[in-house]
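Taking it in order: structure first as structure tokens, then the write-up.
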Amino acid sequence: MRALYYYTSLAAASTTPKLPYCHSSPTLLLPPPKSQLLPPVPKKFPFLESPINSLQNKKKPLNLIIKATMASTPSAAATDSSTKPFSVLFVCLGNICRSPAAEGVFRDLVKKRSLDSKFNIDSAGTINYHEGDQADPRMRVASKSRGIEITSISRPIRPSDFREFDLILAMDRENREAILSAFERWRHREPLPADAAKKVRLMCSYCKKHEEDEVPDPYYGGPQGFEKAP
């Protein structure tokens, strides 16, 4: 995945629908102090440096990039890469900001490389508050200004994701813990791959040029947050 492109600034955060009770408890809804707001950053996003891009930066042939990405996941041994697409699921909290952006940008990269048939790409959230909603309008506008359409509809992660996806990328540690906790609950209720937890990784584990280890959530911040995070 994903160096991907940073999105441009959007309208002020006050235009966000459904702000109350979504990403945190009501006591956390106060605007953050100015000292905590993210500074403007360049027009690329370090956080969506995909397995494709990070490996490609080392100038490996594209067929080796795909094989290396697939081979690094537990289900790869049972996957016929010549017939079955490699499935990647991006996960954040509400599935309206970071993970839809990651999905959209990765789809764009794959399409530009004519690899559509090689990948199955989707995104989800660890909560169902926004289920059925489009991505945050600020993110959609920002991505569209860079030529990327975000068309995904929010949905929560589900048990079948652990069977259907080869790689599950969490935007931050809290997301990863929520995904793993869900797996622990669900694996006692229905058959799931024993090694499915190994599919869950941090998005930034694929960053090669940046020190950040989590993708920041821009939901409550100003426009600069949508410049820095997907």
Side-chain angles (χ1 to χ4, degrees), residues 1-2 4 21-25 28 45-52 54 69-79 84-107 119-136 139 150 152-207 212-220 229-230:
M1 288 177 347
R2 284 183 59 4
L4 309 179
Y21 315 117
C22 171
H23 279 35
S24 61
S25 63
L28 297 179
F45 325 166
F47 305 103
L48 290 185
E49 193 166 339
S50 68
I52 285 185
S54 60
T69 305
M70 293 179 176
S72 66
T73 58
S75 61
T79 299
K84 181 181 176 182
F86 185 72
S87 298
V88 183
L89 181 68
F90 299 96
V91 182
C92 66
L93 182 59
N95 192 214
I96 61 169
C97 292
R98 294 171 293 173
S99 57
E103 176 191 347
V105 175
F106 193 54
R107 283 185 184 278
F119 288 90
N120 174 41
I121 306 165
D122 199 2
S123 63
T126 59
I127 62 174
N128 62 1
Y129 182 87
H130 295 287
E131 185 171 6
D133 292 348
Q134 291 183 307
D136 189 302
M139 189 61 79
I150 297 179
S152 62
I153 300 299
S154 177
R155 71 166 178 89
I157 193 170
R158 52 200 177 210
S160 59
D161 291 332
F162 291 98
R163 290 189 295 267
E164 297 170 2
F165 288 90
D166 302 299
L167 183 61
I168 300 174
L169 292 175
M171 299 297 112
D172 59 36
R173 289 183 179 84
E174 184 177 346
N175 301 152
R176 183 180 63 183
E177 291 307 311
I179 296 167
L180 293 175
S181 294
F183 171 70
E184 284 300 314
R185 293 193 307 272
W186 293 333
R187 73 186 183 91
H188 298 294
R189 303 175 187 173
E190 60 183 277
L192 293 177
D195 62 352
K198 296 179 181 179
K199 301 178 180 183
V200 183
R201 302 184 183 182
L202 284 174
M203 180 76 180
C204 288
S205 66
Y206 288 98
C207 289
E212 290 84 354
D213 55 7
E214 294 183 310
V215 181
D217 190 345
Y219 190 76
Y220 289 115

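- Using a 4.5 Å heavy-atom threshold, the side chains of Cys207 and Glu212 count as separate.
- For the pair Asp136 and Arg98, the salt-bridge criterion is not met [side-chain N within less than 4.0 Å of a carboxylate O].
- Ring orientation note: the planes of Phe90 and Phe106 are nearly perpendicular, at an angle over 60° on the 30°/60° scale.
- Closest non-hydrogen pair, Arg155 versus Arg158, comes out as CD-NH1, 3.4 Å.
- Heavy atoms only, all atoms of each residue included: Ile150 and Ala101 are closest at CD1-CA, 3.8 Å.
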_Between Met171 and Glu214, does the side chain to side chain contact (heavy atoms under 4.5 Å, CB included) criterion hold? Intermediate values first, please._
CA-CA 6 Å; Met171 299 297 112; Glu214 294 183 310; over 6 Å; no
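- Using modelled atom types, no side-chain atom of Ser205 and backbone atom of Arg201 make a donor-acceptor pair closer than 3.5 Å.
- When every heavy atom of Lys199 is checked against every heavy atom of Pro193, the shortest pair comes out as NZ-CG, 4.5 Å.
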*Tell me, with the steps shown, if Ile127 and Leu93 meet side chain to side chain contact (heavy atoms under 4.5 Å, CB included).*
CA-CA 6 Å; Ile127 62 174; Leu93 182 59; 3.8 Å; yes
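- Taking CG of Asp217 as the start and SG of Cys97 as the end, the distance is 6.0 Å to the nearest 0.5 Å.
- One finds the CD1 atom of Ile96 at 9.0 Å from the OH atom of Tyr129 (value rounded to the nearest 0.5 Å).
- Contact annotation: the side chain of Arg173 approaches that of Asp213 to within less than 4.5 Å [non-hydrogen atoms, C-beta and beyond].
- Nearest heavy-atom pair across Ser123 and Asn95 is OG-ND2, 3.0 Å.
- Side chain of Arg107 to main chain of Ile121: a donor-acceptor pair is present (N/O by atom type, distance under 3.5 Å, no hydrogens or angles).
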_Worked check of side chain to side chain contact (heavy atoms under 4.5 Å, CB included) between Arg163 and Glu190_ = CA-CA 11 Å; Arg163 290 189 295 267; Glu190 60 183 277; 3.1 Å; yes
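- When only modelled atom types and interatomic distance are considered, Ser154 and Asp133 share no side-chain donor-acceptor pair under 3.5 Å.
- Distance alone, capped at 3.5 Å, places no donor-acceptor pair between the Glu103 side chain and the Ser152 backbone.
- Between Phe162 and Ile168, some side-chain heavy-atom pair lies under the 4.5 Å cut-off.
- Of all the heavy atoms in Leu169 and Leu202, the pair that sits closest is CD2-O, 4.1 Å.
- Going from atom CH2 of Trp186 over to atom CG of Leu192 covers 9.0 Å, rounded to the nearest 0.5 Å.
- For the pair Val215/Cys204, a side-chain contact is recorded, criterion being any heavy-atom separation below 4.5 Å from C-beta on.
- Panel note: side chain Asp172, backbone Asn175; a donor-acceptor pair is recorded below 3.5 Å.
- The nearest pair of heavy atoms linking Glu184 to Arg187 is OE1-NE, 2.9 Å.
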*Just do the side chain to side chain contact (heavy atoms under 4.5 Å, CB included) check on Ile179 and Ile157 with the steps written out, would you?*
CA-CA 8 Å; Ile179 296 167; Ile157 193 170; 3.9 Å; yes
